[in-house]
Undergrad: 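Here it is, the structure, as C-alpha coordinates.
Note that the structure is predicted; figures quoted are calculated from it, not measured.
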Amino acid sequence: MESTFSKYINVNGHLLDLSVPRVMGILNVTPDSFYAGSRQQTETDIATRARQILDEGACIIDIGAYSSRADAQHISAAEEMSRLRTGLEIIRRNHPDAIISVDTFRADVAEMCVTEYGVAIINDIAGGEMDDQMFQTVARLNVPYIMMHMKGTPQNMQKNPHYDNLVKEVFLYFARKVEQLRAMGVKDMILDPGFGFGKTVDHNYELMAYLADFRIFELPLLVGVSRKSMITKLLGITADEALNGTTVLHAVSLMKGADILRVHDVKAAVEAVKLVTKVQSYE
(Lines give C-alpha, C1' and ligand atoms only; values in the text may rest on other atoms or scores of the structure.)
Protein backbone atom coordinates (compact mmCIF):
# COMPACT_ATOMS: atom_id res chain seq x y z
CA MET A 1 0.00 0.00 0.00
CA GLU A 2 1.59 3.26 -1.10
CA SER A 3 1.65 5.96 1.56
CA THR A 4 1.85 9.70 0.98
CA PHE A 5 2.15 11.00 4.52
CA SER A 6 5.25 12.84 5.70
CA LYS A 7 7.64 10.29 7.17
CA TYR A 8 9.35 12.58 9.65
CA ILE A 9 8.99 13.06 13.39
CA ASN A 10 10.45 15.92 15.41
CA VAL A 11 12.90 14.67 18.04
CA ASN A 12 14.51 17.33 20.19
CA GLY A 13 14.21 19.90 17.42
CA HIS A 14 15.60 17.68 14.68
CA LEU A 15 13.64 15.76 12.04
CA LEU A 16 14.02 11.99 12.18
CA ASP A 17 13.52 10.53 8.71
CA LEU A 18 11.35 7.41 8.65
CA SER A 19 11.31 7.02 4.87
CA VAL A 20 13.63 4.08 5.56
CA PRO A 21 12.51 1.97 8.55
CA ARG A 22 14.36 2.53 11.81
CA VAL A 23 15.37 0.23 14.64
CA MET A 24 14.74 0.96 18.32
CA GLY A 25 16.88 -1.00 20.77
CA ILE A 26 15.42 -2.14 24.09
CA LEU A 27 17.23 -1.39 27.35
CA ASN A 28 15.33 -2.57 30.43
CA VAL A 29 16.54 -1.40 33.84
CA THR A 30 14.33 -4.01 35.48
CA PRO A 31 14.94 -7.28 37.31
CA ASP A 32 11.96 -9.11 35.81
CA SER A 33 11.38 -8.32 32.12
CA PHE A 34 10.28 -11.44 30.20
CA TYR A 35 13.53 -11.79 28.25
CA ALA A 36 16.49 -12.15 30.59
CA GLY A 37 18.88 -10.84 27.96
CA SER A 38 17.23 -7.41 28.09
CA ARG A 39 17.67 -6.84 31.84
CA GLN A 40 20.45 -4.40 32.70
CA GLN A 41 20.88 -3.14 36.26
CA THR A 42 24.53 -2.37 36.99
CA GLU A 43 26.21 0.77 35.69
CA THR A 44 28.58 -1.30 33.56
CA ASP A 45 25.77 -3.38 32.05
CA ILE A 46 23.64 -0.32 31.26
CA ALA A 47 26.56 1.50 29.65
CA THR A 48 27.54 -1.58 27.65
CA ARG A 49 24.00 -2.18 26.40
CA ALA A 50 23.52 1.45 25.36
CA ARG A 51 26.77 1.38 23.41
CA GLN A 52 25.82 -1.93 21.79
CA ILE A 53 22.43 -0.59 20.67
CA LEU A 54 24.03 2.39 18.95
CA ASP A 55 27.05 0.55 17.55
CA GLU A 56 24.83 -2.11 15.95
CA GLY A 57 22.83 0.50 14.06
CA ALA A 58 19.75 1.44 16.08
CA CYS A 59 18.84 5.12 16.07
CA ILE A 60 16.69 5.08 19.23
CA ILE A 61 17.35 3.69 22.70
CA ASP A 62 14.08 2.68 24.38
CA ILE A 63 14.57 2.51 28.14
CA GLY A 64 12.00 0.96 30.45
CA ALA A 65 11.89 0.57 34.21
CA TYR A 66 8.46 -1.04 34.67
CA SER A 67 8.16 -4.62 33.50
CA SER A 68 5.06 -5.00 31.33
CA ARG A 69 5.21 -8.77 30.90
CA ALA A 70 2.07 -10.71 31.85
CA ASP A 71 1.61 -10.92 35.64
CA ALA A 72 4.54 -8.59 36.25
CA GLN A 73 4.94 -7.08 39.69
CA HIS A 74 3.43 -3.61 40.02
CA ILE A 75 5.94 -1.02 41.24
CA SER A 76 5.41 2.53 42.46
CA ALA A 77 6.08 5.65 40.43
CA ALA A 78 8.90 6.49 42.85
CA GLU A 79 10.61 3.16 42.17
CA GLU A 80 10.15 3.55 38.42
CA MET A 81 11.64 7.06 38.55
CA SER A 82 14.57 5.89 40.64
CA ARG A 83 15.44 3.15 38.16
CA LEU A 84 15.07 5.51 35.21
CA ARG A 85 17.23 8.22 36.78
CA THR A 86 20.04 5.71 37.16
CA GLY A 87 19.76 4.52 33.57
CA LEU A 88 19.25 7.93 32.00
CA GLU A 89 22.18 9.47 33.84
CA ILE A 90 24.47 6.74 32.49
CA ILE A 91 23.18 7.03 28.92
CA ARG A 92 23.36 10.83 28.90
CA ARG A 93 26.88 10.81 30.33
CA ASN A 94 28.15 8.44 27.64
CA HIS A 95 25.90 9.38 24.71
CA PRO A 96 24.69 12.96 25.14
CA ASP A 97 23.24 13.14 21.62
CA ALA A 98 21.41 9.80 21.64
CA ILE A 99 17.70 9.76 20.82
CA ILE A 100 16.03 8.27 23.88
CA SER A 101 12.52 6.94 24.22
CA VAL A 102 11.08 6.17 27.64
CA ASP A 103 8.65 3.28 28.04
CA THR A 104 6.16 4.48 30.68
CA PHE A 105 2.41 4.80 31.14
CA ARG A 106 2.75 7.45 33.89
CA ALA A 107 2.48 11.14 33.05
CA ASP A 108 4.64 12.31 35.96
CA VAL A 109 7.39 9.87 35.01
CA ALA A 110 7.19 11.05 31.38
CA GLU A 111 7.49 14.68 32.46
CA MET A 112 10.50 13.99 34.65
CA CYS A 113 12.30 12.15 31.86
CA VAL A 114 11.69 14.87 29.28
CA THR A 115 12.36 17.92 31.44
CA GLU A 116 15.34 16.58 33.39
CA TYR A 117 17.05 14.29 30.87
CA GLY A 118 15.96 15.55 27.46
CA VAL A 119 14.16 12.35 26.54
CA ALA A 120 12.81 12.74 23.00
CA ILE A 121 9.92 10.24 22.80
CA ILE A 122 7.29 8.85 25.18
CA ASN A 123 6.33 5.22 24.58
CA ASP A 124 3.06 4.45 26.39
CA ILE A 125 1.91 0.82 26.46
CA ALA A 126 -1.49 1.91 27.78
CA GLY A 127 -2.39 4.61 25.26
CA GLY A 128 -3.39 6.93 28.09
CA GLU A 129 -5.71 4.35 29.68
CA MET A 130 -3.66 3.96 32.88
CA ASP A 131 -3.08 7.68 33.52
CA ASP A 132 -5.69 10.23 32.47
CA GLN A 133 -3.06 12.99 32.52
CA MET A 134 -0.83 11.40 29.88
CA PHE A 135 -2.40 13.00 26.81
CA GLN A 136 -2.32 16.49 28.33
CA THR A 137 1.26 15.95 29.43
CA VAL A 138 2.65 14.86 26.05
CA ALA A 139 0.73 17.70 24.38
CA ARG A 140 2.33 20.23 26.73
CA LEU A 141 5.81 18.67 26.43
CA ASN A 142 5.48 18.64 22.63
CA VAL A 143 7.23 15.30 22.17
CA PRO A 144 6.42 12.40 19.84
CA TYR A 145 4.04 9.92 21.43
CA ILE A 146 4.01 6.19 20.79
CA MET A 147 0.49 4.97 21.51
CA MET A 148 0.08 1.23 21.98
CA HIS A 149 -3.08 -0.85 22.11
CA MET A 150 -3.41 -3.03 25.21
CA LYS A 151 -6.53 -4.77 26.48
CA GLY A 152 -6.45 -4.53 30.28
CA THR A 153 -3.28 -4.03 32.32
CA PRO A 154 -0.01 -6.00 32.49
CA GLN A 155 -1.41 -7.74 35.56
CA ASN A 156 -4.54 -9.10 33.82
CA MET A 157 -4.10 -8.64 30.06
CA GLN A 158 -3.44 -12.30 29.26
CA LYS A 159 -6.32 -13.74 31.28
CA ASN A 160 -8.57 -14.98 28.46
CA PRO A 161 -8.54 -11.85 26.25
CA HIS A 162 -11.64 -11.74 24.03
CA TYR A 163 -12.61 -9.66 20.99
CA ASP A 164 -15.76 -9.81 18.91
CA ASN A 165 -13.75 -8.36 16.02
CA LEU A 166 -10.09 -7.85 16.84
CA VAL A 167 -8.98 -5.67 13.94
CA LYS A 168 -12.10 -3.51 14.12
CA GLU A 169 -11.72 -2.95 17.87
CA VAL A 170 -8.04 -2.00 17.61
CA PHE A 171 -8.83 0.24 14.63
CA LEU A 172 -11.61 2.08 16.50
CA TYR A 173 -9.37 2.40 19.57
CA PHE A 174 -6.75 4.23 17.50
CA ALA A 175 -9.34 6.33 15.64
CA ARG A 176 -10.77 7.66 18.89
CA LYS A 177 -7.42 8.38 20.50
CA VAL A 178 -5.81 9.94 17.44
CA GLU A 179 -8.75 12.34 17.25
CA GLN A 180 -8.35 13.24 20.95
CA LEU A 181 -4.62 13.84 20.61
CA ARG A 182 -4.94 15.94 17.47
CA ALA A 183 -7.55 18.11 19.21
CA MET A 184 -4.97 18.71 21.96
CA GLY A 185 -2.34 19.74 19.43
CA VAL A 186 -0.16 16.62 19.45
CA LYS A 187 1.58 16.53 16.08
CA ASP A 188 3.84 13.49 16.15
CA MET A 189 2.10 10.19 16.89
CA ILE A 190 3.28 6.63 16.28
CA LEU A 191 0.88 3.69 16.43
CA ASP A 192 1.81 0.35 18.01
CA PRO A 193 -0.80 -2.43 17.63
CA GLY A 194 0.46 -4.05 20.82
CA PHE A 195 1.52 -7.55 19.85
CA GLY A 196 1.36 -9.73 22.98
CA PHE A 197 -0.59 -7.23 25.07
CA GLY A 198 -4.04 -8.61 25.82
CA LYS A 199 -3.96 -10.94 22.82
CA THR A 200 -3.77 -14.67 22.23
CA VAL A 201 -1.30 -16.22 19.80
CA ASP A 202 -4.04 -16.32 17.15
CA HIS A 203 -4.97 -12.69 17.84
CA ASN A 204 -1.35 -11.67 17.27
CA TYR A 205 -1.10 -13.39 13.90
CA GLU A 206 -4.47 -12.01 12.80
CA LEU A 207 -3.23 -8.54 13.68
CA MET A 208 -0.02 -9.15 11.75
CA ALA A 209 -2.01 -10.27 8.72
CA TYR A 210 -3.93 -6.98 8.68
CA LEU A 211 -1.06 -4.71 9.75
CA ALA A 212 -0.98 -2.85 6.43
CA ASP A 213 -4.60 -1.73 6.95
CA PHE A 214 -3.45 0.58 9.75
CA ARG A 215 -1.63 2.71 7.15
CA ILE A 216 -4.97 4.45 6.62
CA PHE A 217 -4.20 6.61 9.66
CA GLU A 218 -1.20 8.03 7.80
CA LEU A 219 0.92 7.74 10.92
CA PRO A 220 4.15 5.80 11.47
CA LEU A 221 3.72 2.21 12.66
CA LEU A 222 5.87 0.60 15.33
CA VAL A 223 6.06 -3.18 15.67
CA GLY A 224 7.34 -4.95 18.78
CA VAL A 225 7.45 -8.72 18.38
CA SER A 226 11.03 -9.39 19.47
CA ARG A 227 11.30 -12.85 21.10
CA LYS A 228 7.67 -12.70 22.26
CA SER A 229 5.36 -15.58 23.14
CA MET A 230 3.61 -15.41 19.76
CA ILE A 231 6.86 -16.96 18.50
CA THR A 232 7.85 -19.19 21.40
CA LYS A 233 4.41 -20.73 21.92
CA LEU A 234 3.85 -21.41 18.24
CA LEU A 235 7.27 -23.02 17.75
CA GLY A 236 7.60 -24.65 21.18
CA ILE A 237 10.85 -22.87 21.99
CA THR A 238 12.23 -20.46 24.60
CA ALA A 239 12.82 -16.73 24.24
CA ASP A 240 16.55 -17.47 24.03
CA GLU A 241 15.87 -19.59 20.92
CA ALA A 242 13.50 -17.13 19.22
CA LEU A 243 15.86 -15.00 17.14
CA ASN A 244 15.08 -16.74 13.82
CA GLY A 245 11.34 -16.47 14.39
CA THR A 246 11.74 -12.84 15.37
CA THR A 247 13.66 -12.04 12.19
CA VAL A 248 10.98 -13.66 10.02
CA LEU A 249 8.26 -11.57 11.66
CA HIS A 250 10.39 -8.44 11.32
CA ALA A 251 10.63 -9.06 7.59
CA VAL A 252 6.86 -9.61 7.35
CA SER A 253 6.23 -6.43 9.37
CA LEU A 254 8.49 -4.38 7.13
CA MET A 255 6.82 -5.69 3.98
CA LYS A 256 3.47 -4.63 5.48
CA GLY A 257 4.66 -1.10 6.22
CA ALA A 258 6.30 -1.03 9.65
CA ASP A 259 8.37 2.13 10.14
CA ILE A 260 10.03 1.29 13.47
CA LEU A 261 11.06 -2.09 14.87
CA ARG A 262 11.40 -2.28 18.66
CA VAL A 263 13.92 -5.04 19.26
CA HIS A 264 16.28 -6.88 21.56
CA ASP A 265 18.63 -7.96 18.76
CA VAL A 266 19.60 -4.79 16.95
CA LYS A 267 22.09 -6.20 14.47
CA ALA A 268 19.67 -8.79 13.11
CA ALA A 269 16.88 -6.21 12.81
CA VAL A 270 19.13 -3.73 10.98
CA GLU A 271 20.07 -6.49 8.53
CA ALA A 272 16.38 -7.32 8.00
CA VAL A 273 15.69 -3.66 7.22
CA LYS A 274 18.51 -3.58 4.66
CA LEU A 275 17.33 -6.73 2.91
CA VAL A 276 13.65 -5.80 2.77
CA THR A 277 14.49 -2.27 1.64
CA LYS A 278 16.61 -3.70 -1.17
CA VAL A 279 13.76 -5.95 -2.33
CA GLN A 280 11.27 -3.08 -2.21
CA SER A 281 13.57 -0.83 -4.26
CA TYR A 282 12.77 -3.02 -7.29
CA GLU A 283 8.99 -2.90 -6.88
Side-chain angles (χ1 to χ4, degrees), residues 8-18 21-30 33 35 38-68 77 79-126 131 134 137-148 186-192 220 222-224 226 259-267 269-270:
Y8 292 90
I9 57 172
N10 189 326
V11 290
N12 288 337
H14 301 281
L15 292 179
L16 177 62
D17 183 4
L18 298 179
R22 300 289 187 160
V23 174
M24 169 189 283
I26 299 169
L27 196 168
N28 287 323
V29 286
T30 57
S33 295
Y35 176 51
S38 74
R39 305 170 196 161
Q40 316 294 336
Q41 292 185 276
T42 70
E43 179 170 351
T44 298
D45 286 347
I46 292 169
T48 299
R49 175 57 178 162
R51 168 50 62 192
Q52 178 189 33
I53 288 171
L54 297 173
D55 283 350
E56 291 186 355
C59 73
I60 304 168
I61 298 173
D62 187 59
I63 184 170
Y66 183 105
S67 176
S68 55
E79 176 64 20
E80 185 181 4
M81 285 187 185
S82 177
R83 293 176 181 179
L84 284 170
R85 286 182 189 279
T86 298
L88 289 168
E89 285 173 4
I90 294 167
I91 297 170
R92 277 289 173 241
R93 185 187 321 137
N94 292 289
H95 311 287
D97 297 324
I99 299 172
I100 302 175
S101 165
V102 163
D103 185 349
T104 185
F105 59 82
R106 290 175 165 133
D108 54 351
V109 174
E111 178 142 17
M112 179 273 288
C113 293
V114 173
T115 58
E116 296 184 24
Y117 294 95
V119 162
I121 302 168
I122 298 302
N123 181 9
D124 180 5
I125 63 168
D131 189 330
M134 180 59 91
T137 300
V138 294
R140 178 165 41 79
L141 294 171
N142 194 29
V143 292
Y145 179 58
I146 300 171
M147 174 172 48
M148 195 187 80
V186 177
K187 299 178 180 63
D188 292 312
M189 287 173 266
I190 299 162
L191 305 184
D192 178 354
L222 181 148
V223 167
S226 185
D259 299 292
I260 301 173
L261 300 177
R262 182 178 181 272
V263 309
H264 295 102
D265 307 282
V266 172
K267 183 178 180 181
V270 169

Undergrad: Looking only at non-hydrogen atoms, find the nearest pair between Ile53 and Ile26 and report the distance.
TA: CD1-O, 3.8 Å
Undergrad: Inspect the contact between Arg262 and Asp103 and indicate whether a charged nitrogen and a carboxylate oxygen are less than 4.0 angstrom apart.
TA: yes
Undergrad: Return the CD1 to CE distance between Ile100 and Met24, rounded to the nearest 0.5 Å.
TA: 11.5 Å
Undergrad: Please check this pair: side chain of Asn12 against backbone of Gly118, looking for a donor-acceptor N/O pair closer than 3.5 Å.
TA: yes
Undergrad: With heavy-atom distances below 4.5 Å as the criterion, would you say the side chains of Leu84 and Val109 are in contact?
TA: yes
Undergrad: First locate atom CE of Met147, then atom CD1 of Ile122, and finally report the distance between them rounded to the nearest 0.5 Å.
TA: 14.0 Å
Undergrad: With Arg22, which of Leu261, Asp259, Leu16 fulfils side chain to side chain contact (heavy atoms under 4.5 Å, CB included)?
TA: Leu16
Undergrad: How many angstroms lie between CD1 in Ile61 and CD in Gln52, if you round to the nearest 0.5 Å?
TA: 11.0 Å
Undergrad: Any idea which heavy atoms bring Asn10 and Pro144 closest together, and the distance?
TA: O-CG, 3.1 Å
Undergrad: Begin from the C-alpha positions of Glu89 and Arg85 and carry the test salt bridge (Lys or Arg N to Asp or Glu O under 4.0 Å) through to its verdict.
TA: CA-CA 6 Å; Glu89 285 173 4; Arg85 286 182 189 279; 5.7 Å; no
Undergrad: Locate the shortest heavy-atom distance separating Asp188 from Tyr8; write the atom from each residue and the value.
TA: OD1-O, 3.9 Å
Undergrad: What is the distance from atom OG1 of Thr42 to atom CZ of Arg49, rounded to the nearest 0.5 Å?
TA: 13.5 Å
Undergrad: To the nearest 0.5 Å, tell me how far Arg92 CZ sits from Glu116 CD.
TA: 12.5 Å
Undergrad: Checking Thr104 against Cys113 for the side-chain contact (heavy atoms from CB on, under 4.5 Å) test, could you report, in this order, the C-alpha distance in whole Å, the side-chain angles of both residues, the deciding distance, and whether it holds?
TA: CA-CA 10 Å; Thr104 185; Cys113 293; 5.9 Å; no
Undergrad: Going through the distances and angles, do Val143 and Val119 end up as a side-chain contact (heavy atoms from CB on, under 4.5 Å)?
TA: CA-CA 9 Å; Val143 292; Val119 162; over 6 Å; no
Undergrad: Which heavy atom in Leu141 sits nearest to a heavy atom in Ala110, and how many Å separate them?
TA: CD1-O, 4.2 Å
Undergrad: Kindly compute the distance separating CG (Asn123) from CG (Leu222), expressed to the nearest 0.5 Å.
TA: 6.5 Å
Undergrad: Decide yes or no on side-chain contact (heavy atoms from CB on, under 4.5 Å) for Ile91 and Leu27, but give the supporting numbers first.
TA: CA-CA 10 Å; Ile91 297 170; Leu27 196 168; 4.1 Å; yes
Undergrad: Identify the two heavy atoms, one from Gly25 and one from Ala58, that lie closest to each other, and give their separation to 0.1 Å.
TA: N-CB, 4.0 Å
Undergrad: After noting the C-alpha distance and the side-chain angles of Arg106 and Met81, does the key distance pass the side-chain contact (heavy atoms from CB on, under 4.5 Å) rule?
TA: CA-CA 10 Å; Arg106 290 175 165 133; Met81 285 187 185; over 6 Å; no
Undergrad: For the residue pair Val138 and Tyr145, what are the closest heavy atoms and their distance?
TA: CG1-CD1, 3.8 Å
